[in-house]
Amino acid sequence: MSTETLEHVAAEQKAASQGTLKMSARDINVFYGQKQAINKVSIDVTQENVTAFIGPSGCGKSTFLRTLNRMNDTVAGARVEGSITLDGEDIYASSMDVVQLRARVGMVFQKPNPFPKSIYENVAYGPRIHGLASSRVEMDQIVEKSLKRAGLWDEVKDRLSDSGTALSGGQQQRLCIARAIAVDPEVILMDEPCSALDPIATAKIEELIHELRGRFAIVIVTHNMQQAARVSQRTAFFHLGNLVEYGDTSEIFTNPREVRTKDYITGRYG
Amino acid sequence: MTMPGGLAASDIAPRATDWSGQAMQRRIRKRYASERRFRLMGLSAILLSAGFLAFLLVTMLGNGLRGFSQTEIQLPINFASSSLMLDPVALKGPGADAALAGADIEGATAAAADAAFGEGGARLLSDGAWLKVQDAIRSNPYILKGRGEVWVPASVELDLAAKGNGSPDAERALARLKAKTAVRTGFNSHFLTGSDATDPTIVGIWGALKGSLLTMGVTLLLAFPVGVLAALYLEEYAPRNRWTDLIEVSINNLAAVPSIIFGLLGLAVFLNFMHLPRSAPIVGGLTLALMTMPVIVIAGRNAIKSVPPSIRDAALGIGASRVQVVFHHVLPLALPGILTGTIIGMARALGETAPLLMIGMRAFISAAPSGFTAPATVLPVQVFLWSDEVSKGFVEKTSAAIIVLLVFLLAMNGLAIYLRNKFEIRW
């Protein structure tokens, strides 16, 4: 085992001691056909912290994120090696039901993608397919609670039957977050959730992430280093499919151990 | 002045473009001229097709609308002195049809015409005139006790003369007839309720229309679900490999196969192998379904492909299973496109004649089909059969049948467009 890996393991153990371990990835390799996109990445995600993945385009941070709820299963030719556990349970084991896994590990995408249905239906869809509400009243409560948590309730409460696609970009993204938290997941994965939004909408989403922290374990992929610094407690820096450095956000940004990390956060490349 | 890197300012400063120079002006004029030319060409293409459409509609309506009317003659009959041996009381009972069938009403009608209009009077009436007399007796048997007057269809020649399209001989005969009795030309409801006949004055389109309805019903019930399911499977489930490529190529080729070959297939499989009844809507529908299915599969796959992947991700991301993704999201979004493909396929099937000739749907059928297995014909085949007839009266009937076919087509497309707009989701 190289010294680099040893250092990583030490850092991870430190991280685990800082919060309750929620998800743990060990030695993950991801291949697209012959091409290797992720090389031996090990990361722990804790319940209390927001974990940010940063790195230049094409470094594999989104690919890695998508292994955490097995969204890569839908990509033809994608292959994942290594083990990922959710509460100690291997999510790639044959006993793991992928449909349930994706309800427990929700996802918010780069581009807001509400269904072309009403705002109400957008939020109610997940609880309905998982049978989480036994009556109309209960469903109404879930929808209201989810929209309130996503900070969208006051803006849409009078037009729940309007199409979700008629909202502004920032509202659409918050609707997508409401949709994800409506099924009461344990982890929420966010794949560059603000990259298609203006600064004001971005600020609202960041505020929302602060409020959701603690209740959900949150993993966020971002291009924007200021954003990673603002919203996360833990940061992982990816480069060319490798995990270069993983540690406390404050430490990564003020006192990085690796030269590549330092070059990236100071804007030398990326 | 020297820029960083040792470049002089003049090296990178852009050369000034002469926007008002002559060469530039000429180029701009040329660009506008080519735009005008293109617009004119487009406009003339549209005018040309509009002209063709107008020509088609005018000739079709001009000929065909006459096919919807029929000249009738008021025929006086002295039933009491006729050769009919019918008892009015018996005609009230259950044996009425047998009694009517046994009586020589045709002969009595001819005799009455000869008596009323002179020698050769029977030739002024349509061959089916006696049917009207039979109807009159059935509805009121007591007419047999004395004299009566019955409106009967005129012969083809008189009918055409009354509509201003007859021969000089027929014009004179019509004038003589008008002196003796009443003649009227009115809407021919029998054309919409009757079936094929040998005499153009008593033919009807209902038999063929019902045949088309039944055939299209079979086609839609089979081709739509099978086509949509095939498209969904190929797009959403099937792995991409050599086999699916082969299937895709085969389906694309099937859509281009000449329709008569599907007729041969239907003949070989449905009639000779499965022994389904000849000339039946079920066989016609199955054959046309084979032809329509590839069109629906291709249109369906394109529609499914155009559903944004982000919607699939969104549904998968909150834990929908693949079947739920397909039926809750992909299919509803693809439905307008699938319906468009179905309209095209069904419209082609409705106008199809060749494959149906192969499976015996060109028979002379004088009664509307009673079900999916009864002998039937369809509208385009009926048009084809009538256009082949020698009798002059069939010309306008053929045009009238074409109008009915076009109205059917428009109604079918209208319904499909209504459904498409209903399912269309605005983003």
Side-chain angles (χ1 to χ4, degrees), chain A residues 65-66 68-77 97-118 121-132 146 162-167 172 175-185 188-191 196, chain B residues 4 228 231-248 300-340 419-427:
Chain A
L65 188 77
R66 290 167 71 96
L68 296 179
N69 68 346
R70 292 184 57 178
M71 282 299 277
N72 277 339
D73 288 14
T74 62
V75 180
D97 180 50
V98 68
V99 164
Q100 254 184 37
L101 170 72
R102 292 194 190 125
R104 290 171 66 190
V105 183
M107 189 154 193
V108 176
F109 296 85
Q110 184 169 0
K111 222 180 106 208
N113 56 354
F115 300 127
K117 298 172 189 269
S118 71
E121 280 304 313
N122 261 286
V123 183
Y125 181 71
R128 183 168 298 137
I129 59 173
H130 293 295
L132 301 184
S146 307
D162 284 10
S163 174
T165 51
L167 297 173
Q172 284 188 19
L175 179 62
C176 291
I177 293 173
R179 183 176 66 188
I181 59 185
V183 294
D184 203 22
I188 299 178
L189 310 177
M190 298 186 174
D191 189 357
Chain B
V228 171
L232 278 177
Y233 181 80
L234 284 173
E235 276 305 311
E236 298 288 324
Y237 285 93
R240 295 270 175 275
N241 57 29
R242 219 179 310 159
W243 290 110
T244 44
D245 284 351
L246 190 70
I247 290 171
E248 182 168 354
R301 290 189 67 175
N302 286 334
I304 291 163
K305 233 180 260 175
S306 66
V307 173
S310 64
I311 294 297
R312 291 185 184 84
D313 280 350
L316 284 173
I318 47 173
S321 66
R322 282 177 83 173
V323 173
Q324 285 171 331
V325 174
V326 168
F327 284 96
H328 295 168
H329 301 285
V330 176
L331 193 57
L333 289 174
L335 206 52
I338 294 174
L339 284 177
T340 309
L419 287 175
R420 190 177 64 192
N421 290 345
K422 203 173 129 123
F423 288 119
E424 189 108 75
I425 289 161
R426 275 164 258 285
W427 295 77

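Note on naming: letters A, B, ... go to the chains in the order of the sequence lines (proteins, then strands), and numbering restarts at 1 for each one.
Residue contact with chain B, scored on non-hydrogen atoms closer than 4.5 Å, involves the backbone and the side chain of A/Arg179 alike. Of the atoms belonging to A/Arg66, it is side-chain heavy atoms, and not backbone ones, that fall under 4.5 Å from chain B. Contacts of A/Val105 with chain B are made by backbone atoms alone, with heavy-atom separations under 4.5 Å and no side-chain atom involved.
Of all heavy-atom pairs between A/Phe109 and B/Asp313, the closest is CZ-O, 3.4 Å. The shortest heavy-atom contact between B/Leu333 and A/Pro116 is CD2-CG, 3.5 Å. Closest of all the heavy-atom pairs between B/Gly319 and A/Val99 is O-CG1, 3.0 Å. The minimum heavy-atom distance linking A/Phe115 with B/Ile311 is given by the pair CE2-O, 3.9 Å.
From A/Arg102, atom CZ reaches atom CG of B/Leu316 across 5.0 Å, with rounding to the nearest 0.5 Å. Here the CZ atom belonging to A/Arg128 is positioned 9.0 Å from the NE2 atom belonging to B/His328, to the nearest 0.5 angstrom.
For the set A/His130, A/Met107, A/Gln100, the count of heavy-atom pairs under 4.5 angstrom toward chain B peaks at A/His130.
Between B/Ser321 and A/Ile129 the shortest side-chain heavy-atom distance does not fall below 4.5 Å.
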Exercise for the section: Please step through side chain to side chain contact (heavy atoms under 4.5 Å, CB included) for the pair B/Arg312 and A/Thr74, ending with a clear verdict. Expected result: CA-CA 10 Å; B/Arg312 291 185 184 84; A/Thr74 62; over 6 Å; no
